[in-house]
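Okay, so here's the structure we're looking at.
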There are 2 protein chains.
Amino acid sequence: MALEHAILVSLLEKPGSGYELARRFERSIGYFWTATHQQIYRVLKRMESEGLLAVRELSQQSRPDKKEYSVVGPGRAVLSQWLHQSIQPESMRHELAVKIRGAAFDDPSVLIREVERHRQVHIDRLAHYQAGELRDFTGPAAPTPLDAGQELQHVVLRGGIAYERMTIAWLDDVLGTLRRLGTSPSPA
Amino acid sequence: MALEHAILVSLLEKPGSGYELARRFERSIGYFWTATHQQIYRVLKRMESEGLLAVRELSQQSRPDKKEYSVVGPGRAVLSQWLHQSIQPESMRHELAVKIRGAAFDDPSVLIREVERHRQVHIDRLAHYQAGELRDFTGPAAPTPLDAGQELQHVVLRGGIAYERMTIAWLDDVLGTLRRLGTSPSPA
DNA sequence: CTTGGCTATGCAACGAGTTGCATAGAAGGA
DNA sequence: TCCTTCTATGCAACTCGTTGCATAGCCAAG
């Protein structure tokens, strides 16, 4: 139930509606956890019925009403309890790696464009993360000193940056390998 | 349906039973995709009924019979088709990162032991991957030259090694941050 | 003026993945 | 002898996650 905990963290950082949460999951929280709006609405409803969250209905002019959720006592307790218990280290899941191994049974060069496309996505993400880092943590407009919450957000963001850099370097390695195999072909 | 494709790749590399596949998913294939035996048995059954796989029942002495699966024509075609269509780049899912951000709403130092434990798991995995690399690709017992399939397996393994190295370095960064916050505490 | 995009919420159906349990013979250690 | 582990397969129930669709008013561009 990691989505539940991710929602608790995000709502503690700032209360908001399901729609707003869905957008945060495309941005900062999305650096390390993803969710669609349908998933979020369903879980929010359940968490509210369990007493972990409180709702406020907000009328807005020229926009649909929204429901603003915030964490209440029991929700905080659930998060705290989760922080104190250990979780299993996850293994990575990389569909592209399955494809790369599968390329041995087809023409490896068909993957070159696909890998180049993925590489570009990771370059864009890296640029986006670095812009966020400059804006919120290391640039002149950033608060000094950072408080504990900001320090923790920053170290998570550094993880995202390290991940993207590592991935780009690996995809370069993959491209080199695919091109090398393409020049002296031997499809199985 | 990435599991289906991962199974096709694994069975093309070498035919085997559901049990054997489950163990491969704890080893080499598991570097980038995971699955439990229940999932594997269910999908194997479905794939066989769809004509992607063939089964051979093998009697063994002093062991239960097993069903050896292998890929047949339509299965190869499904894999080839999948290789030619593009997939979405995945974002990372890291539960520990959720915890780290959540630590801002509790005592950050409670996470230190947890992060140290994860760090050790990644160190062990790295050692395991490096041993495999030496055994299969770079050591004296490795075949030279490597064929295309081995080159592709090697580049995927290099990705796993890069991932573990990056993760260990990041967890060191996280530990430094948590310890720094612990000495001058400010729980929210 | 119509089309498409943005805010905002939600249902229904399906597929993916996890957890607990069950069976069953053989081998090996306490 | 009993207990555990390993090989080998599988069912049932559940939660998690995705995809398609629906509603509905507002705004901006063509």
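Reminder, nothing fancy here: chain letters follow the sequence lines and each chain counts from 1. Only heavy atoms go into these numbers, but all of them, side chains included; no hydrogens, no water, no symmetry mates.
Atoms CD1 and CD, from Ile100(B) and Glu114(B) in turn, are 9.5 Å apart once rounded to the nearest 0.5 Å. Considering NE2 of His122(A) and CH2 of Trp170(A), their distance stands at 9.0 Å, rounded to 0.5 Å. Note that CZ of Phe105(B) and CG of Leu11(A) are 10.0 Å apart. Values are rounded to the nearest 0.5 Å.
In summary, Lys67(B) and Glu48(B) do not engage in a salt bridge, as defined by a charged side-chain N under 4.0 Å from a carboxylate O. For Glu90(A) and Lys99(B), the salt-bridge test fails: no basic side-chain N is under 4.0 Å from an acidic carboxylate O. A salt bridge is absent between Glu20(B) and Lys14(B); no separation between the charged side-chain nitrogens and carboxylate oxygens falls under 4.0 Å. Glu151(A) and Arg180(B) are joined by a salt bridge, as a carboxylate oxygen and a charged side-chain nitrogen come within less than 4.0 angstrom of each other.
Per the geometry, CD belonging to Gln39(B) stands 16 Å off C1' belonging to dG20(C), to the nearest Å. Rounded to whole Å, the distance from CG on Leu44(A) to P on dC16(D) is 14 Å. Between the CD1 atom of Ile40(A) and the C1' atom of dC16(D) there is a distance of 13 Å, rounded to whole Å. Atom pair Glu90(B):CD and dG17(D):P shows a separation of 14 Å (rounding to whole Å applied). Gln88(B) has its CD atom 16 Å from the P atom of dG17(D), to the nearest Å.
In this structure a side-chain-to-backbone donor-acceptor pair under 3.5 Å is missing from Arg101(A) to Ser10(B). Formation of a donor-acceptor pair under 3.5 Å by the His118(A) side chain with backbone atoms of Ile87(B) is found in this model.
Scanning residues 47-58 of chain B for heavy-atom distances under 4.0 Å to DNA chain D yields an empty list. Near-neighbour residues of DNA chain C inside residues 2-14 of chain B, defined by a heavy atom below 4.0 Å, are absent.
Helical stems involving DNA chain D, defined as 3 or more consecutive Watson-Crick or G-U pairs under 3.5 Å, span C:1-30 with D:1-30.
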- Task: Go through the steps for Ile7(B) and Leu21(B) under the test side chain to side chain contact (heavy atoms under 4.5 Å, CB included), then give the verdict.
- Result: CA-CA 8 Å; Ile7(B) 287 175; Leu21(B) 278 172; 4.1 Å; yes
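Residues passing the salt bridge (Lys or Arg N to Asp or Glu O under 4.0 Å) test with Asp124(B): none are found, sequence neighbours excluded.
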Compile the donor-acceptor pairs under 3.5 Å between side chains in residues 133-146 of chain B and protein atoms, sequence neighbours left out, one pair per line.
from: Glu133(B); atom 1: OE2; to: His154(B); atom 2: NE2; distance (Å): 2.8
from: Thr138(B); atom 1: OG1; to: Glu133(B); atom 2: O; distance (Å): 3.4

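Follow the hydrophobic side-chain contacts under 4.5 Å out from Leu175(B) and you reach Val156(A) in the same cluster.
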- Determine, for nucleotides 4-12 of chain C in 5'-to-3' order, which nucleotides have protein heavy atoms under 4.0 Å from the base (write B), from only the sugar-phosphate (write S), or from neither (write -). ---BBBBB-
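Note on Arg46(A): a side-chain N or O is less than 4.0 Å away from OP1 or OP2 of dC16(D).
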